Amino acid sequence: MFFKKKAPTPKATKTRAEQRAQYRKRNSKSQALEATLRVPKWEALRVELVDLSVRGACIRIAFAQDRNLKANDLVELSIGSMMRNEVRTAARVANITRDGESHIRYGLEFLNINNLYAQLDTFYARHFNRRRHVRVVPTLDRKVQVKARWSGEEVTGHVFDISQSGVGIVLSKDSSARVAEVEVLELSLKLPGMEGELSGRAKVRHRTALNQNTLLGLEFELDTPEGFARHTEALTAFVERRAAEMSQWEKGWS
């Protein structure tokens with residue numbers, strides 16, 4: 001079940017995140033998302049979006065506005081930002097917890113992932129996290145080139161985001177059409193601030209059409225000699241460094 005409760009531990013937040021099917025991304029102040037909850041027979045209610053993944057979300061509501069939801073109740077959640085079209089998705093209540101003396105939190109599990117994917121553009125794709133691990137983006141002033149090879153053929157794209165277990169790469173529509181039927185790719189890339197090139201096999205897990213390009217989500221093979229297991233330490237170091245840099249940027253913004 002999504003948002004499974006467990007007894008608090010000194011590292012409870014990290015442990016819960018690691019046990020979820022997808023790492024949940026906390027709503028940031030610099031790119032705050034707004035959320036609206038719709039419940040049958042109630043007026044639509046603006047709620048606080050605590051965190052989010054492609055599988056579900058956590059929302060926070062004041063007791064005075066609580067809709068008295070029960071586990072497995074069906075609702076609709078709309079998520080938007082500024083002038084962008086809202087992403088709307090059906091969800092069920094998976095978890096309910098009291099938050100202090102004045103608020104309650106609901107863990108929601110999204111019900112139609114295919115419909116949700118169809119609504120995601122480049123902006124929303126980075127908020128609806130698909131992976132088990134924290135993912136980071138390279139510095140915005142520099143694109144990280146990645147080469148993808150298969151059966152003697154090759155295409156070139158750039159890194160959209162990366163984690164310890166996978167990478168999102170952006171390809172032109174022509175390049176993505178060439179790999180439309182390919183399930184495993186041999187990747188090579190060089191991350192900023194790191195010596196040497198990373199290479200290994202990765203499995204294509206999803207394809208998301210963007211305005212002018214295609215976002216390919218790939219999962220690193222970590223259990224074969226041809227996979228990325230030999231680069232685990234380097235990937236972990238890069239992700240931790242970039243996550244720290246992004247956190248500092250976030251603090252400076254706020």
Side-chain angles (χ1 to χ4, degrees), residues 17-25 53-55 113-114 116-118 120-140 142-210 212-243 246:
E18 290 176 344
Q19 289 183 337
R20 293 190 181 95
Q22 276 76 27
Y23 175 84
R24 294 192 305 175
K25 182 167 183 176
S53 85
V54 78
R55 291 290 179 182
I113 303 303
N114 289 334
L116 182 58
Y117 277 150
L120 302 184
D121 60 12
T122 310
F123 174 82
Y124 284 122
R126 67 183 61 193
H127 290 280
F128 286 81
N129 207 307
R130 295 176 172 87
R131 301 201 184 106
R132 294 184 297 275
H133 298 102
V134 179
R135 60 177 177 175
V136 297
V137 296
T139 54
L140 298 178
R142 178 180 177 183
K143 288 187 177 181
V144 176
Q145 188 179 84
V146 56
K147 293 182 179 180
R149 303 179 182 89
W150 75 100
S151 302
E153 297 191 57
E154 178 182 296
V155 294
T156 301
H158 68 268
V159 173
F160 178 76
D161 53 26
I162 191 167
S163 77
Q164 296 166 250
S165 58
V167 63
I169 66 174
V170 176
L171 299 176
S172 68
K173 290 193 179 297
D174 288 341
S175 293
S176 65
R178 291 176 59 191
V179 299
E181 303 299 325
V182 180
E183 296 183 356
V184 178
L185 292 169
E186 179 75 25
L187 304 180
S188 60
L189 63 149
K190 188 177 186 305
L191 294 173
M194 296 181 60
E195 294 184 2
E197 188 177 70
L198 306 185
S199 62
R201 292 174 52 170
K203 298 177 182 177
V204 179
R205 291 305 189 191
H206 68 81
R207 294 174 169 86
T208 302
L210 307 177
Q212 301 297 325
N213 302 287
T214 298
L215 173 62
L216 241 62
L218 298 114
E219 180 181 9
F220 296 143
E221 284 192 0
L222 298 174
D223 55 357
T224 66
E226 299 82 13
F228 273 80
R230 62 189 182 279
H231 300 307
T232 298
E233 185 175 342
L235 283 167
T236 300
F238 176 79
V239 170
E240 289 180 349
R241 185 175 74 250
R242 278 297 295 148
M246 293 164 68

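For clarity, every value in this text was computed on a predicted model and none was experimentally measured.
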- Message: Under the side-chain contact (heavy atoms from CB on, under 4.5 Å) test against V146, which residue among L216, V170, I169, L185 passes?
- Response: I169
- Query: Does a sphere of radius 6.0 Å around CD in E181 hold more than 12 heavy atoms from other residues, nucleotides or ligands, not counting ones at 6.0 Å or beyond?
  - Reply: no
- Item | Audit row: V204, V182, side chain to side chain contact (heavy atoms under 4.5 Å, CB included) steps and yes/no | CA-CA 8 Å; V204 179; V182 180; 5.5 Å; no
- Among Q145, R149, K147, which residue meets the side chain to side chain donor-acceptor pair (under 3.5 Å) test with S188? R149
- Task: Kindly give the heavy-atom pair with the smallest separation between F220 and S163, and that separation in Å.
- Result: CE1-O, 3.6 Å
- Are any of the side-chain heavy atoms of S172 and R178 separated by less than 4.5 Å? no
- Name the one of T156, V155, N213 that satisfies side-chain contact (heavy atoms from CB on, under 4.5 Å) with L171? V155
- Show the numbers, then the answer: is there a side chain to side chain contact (heavy atoms under 4.5 Å, CB included) between L191 and L235? CA-CA 9 Å; L191 294 173; L235 283 167; 4.2 Å; yes
- Task: In sequence, state the C-alpha distance, the side-chain angles, and the governing distance for F228 and L187, and then conclude on side chain to side chain contact (heavy atoms under 4.5 Å, CB included).
- Result: CA-CA 10 Å; F228 273 80; L187 304 180; 4.1 Å; yes
- Query: Under the side chain to side chain contact (heavy atoms under 4.5 Å, CB included) criterion, do F238 and H231 qualify, and how do the steps go?
  - Reply: CA-CA 11 Å; F238 176 79; H231 300 307; over 6 Å; no
- Task: Give a yes or no on whether a salt bridge exists between E197 and K190, defined as a side-chain N under 4.0 angstrom from a carboxylate O.
- Result: no
- Query: Which heavy-atom pair separates I162 from L189 by the least distance, and what is that distance?
  - Reply: CD1-CD1, 4.2 Å
- Would you say K203 has more than 12 foreign heavy atoms packed within less than 6.0 Å of its NZ? no
- Message: What's the separation between atom CD in E240 and atom CD in Q164, rounded to the nearest 0.5 Å?
- Response: 7.0 Å
- Message: Restricting to non-hydrogen atoms, name the atom on M194 and the atom on A234 that form the minimum distance, rounded to 0.1 Å.
- Response: CE-CB, 3.1 Å
- Query: Rounded to the nearest 0.5 Å, how far apart are CG of L218 and CZ of R207?
  - Reply: 8.5 Å
